[in-house]
K.L.:
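Sharing a structure with you now.
Note that the structure is predicted; figures quoted are calculated from it, not measured. Each chain gets a letter, A, B and so on, in the order the sequences are listed, and its residues count up from 1.
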2 protein chains.
Amino acid sequence: MTKREPPTKEATVADVARAAGVSKAQAARALGGYGAVSEQVLSLVVAAAEQLGYRPNQLAKSMNTGRSNSIGVVVGDIENAHFGLALRGISDEVRGAGYTVVLVNTDEDLAAEAAAVQELLQQRVAGLIVAPCSSTETSHLEAAQAGGRAVVLFDRGIHDLALDTVRVDFEHAALRVGRLLLDAGHRRIGYVSSQRARAAYAHGMDLGLSPVADRVEGIERAFREAGAEWDPALVKLNATSDDALASACAELLDRPDPATAVVCSDSLIALGVLGQIKRRGLRIPDDISVVAYDDFPWTELIEPPLTVVAQPVYDMGREAARALLRRLGHRVPAEQLPLRANLIERASVGAPSPAADRIPQS
Amino acid sequence: MTKREPPTKEATVADVARAAGVSKAQAARALGGYGAVSEQVLSLVVAAAEQLGYRPNQLAKSMNTGRSNSIGVVVGDIENAHFGLALRGISDEVRGAGYTVVLVNTDEDLAAEAAAVQELLQQRVAGLIVAPCSSTETSHLEAAQAGGRAVVLFDRGIHDLALDTVRVDFEHAALRVGRLLLDAGHRRIGYVSSQRARAAYAHGMDLGLSPVADRVEGIERAFREAGAEWDPALVKLNATSDDALASACAELLDRPDPATAVVCSDSLIALGVLGQIKRRGLRIPDDISVVAYDDFPWTELIEPPLTVVAQPVYDMGREAARALLRRLGHRVPAEQLPLRANLIERASVGAPSPAADRIPQS
DNA sequence: TTGAAAGCGCTAACAG
DNA sequence: CTGTTAGCGCTTTCAA
């Protein structure tokens, strides 16, 4: 017969007060460390609390102070090392201020994201850090904002919405990626991302204030500079599952005029793309060149080492947390963490295969 | 339809009741979906709630029901893909039951872990899933347990403590790893882990109910079977930072009789060890063999592909969540997720380098 | 069905 | 300094 209810009720301030022989208010003051309490009462209360194994009830506390000590973090895929590391930054930064993190994974699904925000709001989190899965559908975030909750955006921003946003500027790095590939002779450059979009990418499509927008724009600009013709159809969005990623790769690689280089939007995508490349028996960089965003340790250990664009993910997490803390009225040390993306050239970019004009279909 | 509510005051049941012209109790019943409410009152209340943008206050709700809808998850390092994936499993499983996840990262620090458990308990989480950083110092977990909270252990168990524990049985896989290496001719096999211990590993040391204990035991057993002599000094614990890991590698590799093979306790350790190996210009498997626990995509992409012991991390997370839900009185589908570790032989194990010929051959 | 009223455990006035 | 008295927003008796 396992009882579901706790066998013994938790001790409350009232219990402690009674045991210590003081008023509830005094006990609460002693326990909570606010108001004025005499040495004697303090020790009496502390002893009684110890005795009874008293644990303050945070729920009750936040209920009548109106402020909770938890912040909500909403990400698309915690399995992605990008978010794992960012979460660590957030967690580290926020702990110092006494907050705890409520995490929700949305699977890059907009409805799930909206539900998560709703849920978190109901839980009365002090604030929200959200890596939105869309840069355009954001009414739920606006609502949270309008409802007077602090909201900080991570990675992706939103046009025309005054929300703190933490993201690194990819303009320069993206342009360098484009030039690097163009200089190597590539003209058919694929881009694969898990970012959601209603339709396939087309030129001029609004990607919002997203890294993907920056990165695609960088490539496009490099093409313009070079007076080369760029094919927007090689930008593949919505690669949120293994299947989706596989078909994106298929569309890029299994065609008469395959992409000769592919840029991977994050390390999870890179892993998938590399798998697809391997499956096809393509060699890097002889048959195909690869560049990936996010520099994780394994990118340097594979053969050949991957050319990547590194971003300070951990610091981005910390910065997001600090922005939120500031909004919550905390004095946060003014130190500014540098958020720069930079291209690290290793060995996964080479000249396009001379056979690329032909049909390497299997 | 957007009303300019004073951002300071959220609408409450009382407000809704007033607006709907019914009693607070009726409004609460209608909103909360409990008790008996007439059609008419229901629609009235719902309309009023909509109008006022009412959002139930979870804190208040949990406060007087005594049960909260969040569970605490305590891990050593969320940056470790192992925990990232497990967390996804937990999160996916728990969401269906309406729970949300409060995550705390402890940096593999015991004091932080104890504080985290304390904090979570104060937040009145419904239950706890903990990947304890120690298998021996566990008074805080016992306390939580004794306090009537549901606690499920992840990865590491605790002797003599009746706590649900989710871990895979490594006995068989570990033995196979030992044999594989012995058969290849290795006699000096290093093991590197981030598990905490007060002192350096010594034979017979109590590692608790941990994967590391199983794995070391497996190797040792293989040695016994082969009648070979095993050197416990090659087991390196406490590799929780880059520095610690570097010196563990130094102790293994930079000596007259270096280890000829090294077993990495998880993928993060593996990444570090591979880095150290690369730095020394050692070739795998010619100069040194490597086996790692946890099979993540990159392990197959590096050169040579890593021989690993795979474990169903995602399912382990789900299983932990389900164990907790069961404890919390939920009916969880009886489907049993298979939790097996299995050795995947790839190409990172070879014969020991002839240069390491000081070793006695059997 | 309804409503009034009594809490959940704590903080926050307000008097002594 | 200390105690008394209200609430926070919601659920839950208990009568009507």
K.L.:
Does any part of the side chain of B:Gln58, heavy atoms only, come nearer than 4.5 Å to the side chain of A:Arg124, both counted from C-beta?
P.N.:
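A side-chain contact is absent here, since even the closest heavy-atom pair is not under 4.5 Å.
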K.L.:
Where the side chain of A:Ser38 is defined as all heavy atoms beyond and including C-beta, which of D:dC10, D:dT2, C:dC8 is the nearest nucleotide?
P.N.:
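So the nucleotide nearest the side chain must be D:dT2.
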K.L.:
With P as the reference atom in both, quote the distance from C:dC10 to D:dC1 in angstrom, rounded to an integer.
P.N.:
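24 Å, rounded to whole Å.
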K.L.:
Between C:dT2, C:dA4, D:dA6, which one does the side chain of B:Ala25 approach most closely?
P.N.:
C:dA4
K.L.:
Taking only side-chain nitrogens and oxygens of A:Lys61, does any of them come within less than 4.0 Å of OP1 or OP2 of C:dT11?
P.N.:
yes
K.L.:
Would you indicate which nucleotide in C:dT11, C:dG9, C:dA4 comes nearest to any side-chain atom of B:Ser23?
P.N.:
C:dA4
K.L.:
Which whole-number value in Å describes the distance from A:Gln40 CD to D:dC1 P?
P.N.:
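Taking CD of A:Gln40 and P of D:dC1, I get 12 Å after rounding.
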K.L.:
Is there a donor on the side chain of A:Asn64 or the base of D:dG9 sitting less than 3.5 Å from an acceptor on the other?
P.N.:
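Between D:dG9 and A:Asn64, which were checked side chain against base, a qualifying N/O pair under 3.5 Å is absent.
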K.L.:
Of the nucleotides C:dG9, D:dC1, D:dC10, which has the atom closest to the A:Gln26 side chain?
P.N.:
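Selected nucleotide (nearest to the side chain): D:dC1.
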K.L.:
Between B:Leu31 (CG) and D:dC10 (C1'), how many Å, whole number?
P.N.:
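After rounding, the gap between these two atoms is 10 Å.
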K.L.:
Looking at the side chain of B:Ala28, which of D:dG3, C:dC10, D:dT11 is the nearest nucleotide?
P.N.:
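Closest of the options to the side chain of B:Ala28: D:dT11.
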K.L.:
Between B:Asp164 and B:Leu324, is any pair of side-chain heavy atoms under 4.5 Å apart?
P.N.:
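With C-beta onward as the side chain, the pair stays apart.
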K.L.:
For A:Arg95, is there an ion pair with B:Glu119 - N to carboxylate O distance below 4.0 angstrom?
P.N.:
no
K.L.:
With rounding to the nearest 0.5 angstrom, report the CD1 to OG distance, A:Ile158 to A:Ser134.
P.N.:
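Between atom CD1 of A:Ile158 and atom OG of A:Ser134 there are 8.0 Å.
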K.L.:
Rounded to the nearest Å, what distance is computed from the CE atom of residue B:Met63 to the P atom of nucleotide D:dT12?
P.N.:
13 Å
K.L.:
Can you spot which of B:Arg88, B:Arg318, B:Arg326 makes a salt bridge (Lys or Arg N to Asp or Glu O under 4.0 Å) with B:Glu93?
P.N.:
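So, applying the salt bridge (Lys or Arg N to Asp or Glu O under 4.0 Å) to B:Glu93 and each of B:Arg88, B:Arg318, B:Arg326, only B:Arg318 qualifies.
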K.L.:
Could you work out which one of D:dC10, D:dT12, D:dG3 sits closest to the side chain of B:Ala60?
P.N.:
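The answer is D:dC10.
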K.L.:
Quick one: A:Leu44 CG to D:dC1 C1', roughly how many Å, whole number?
P.N.:
15 Å
K.L.:
What is the separation between atom OH on A:Tyr34 and atom P on C:dC10, rounded to the nearest whole Å?
P.N.:
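A:Tyr34 atom OH is separated from C:dC10 atom P by 9 Å.
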K.L.:
Is there a donor on the side chain of A:Arg29 or the base of D:dG3 sitting less than 3.5 Å from an acceptor on the other?
P.N.:
yes
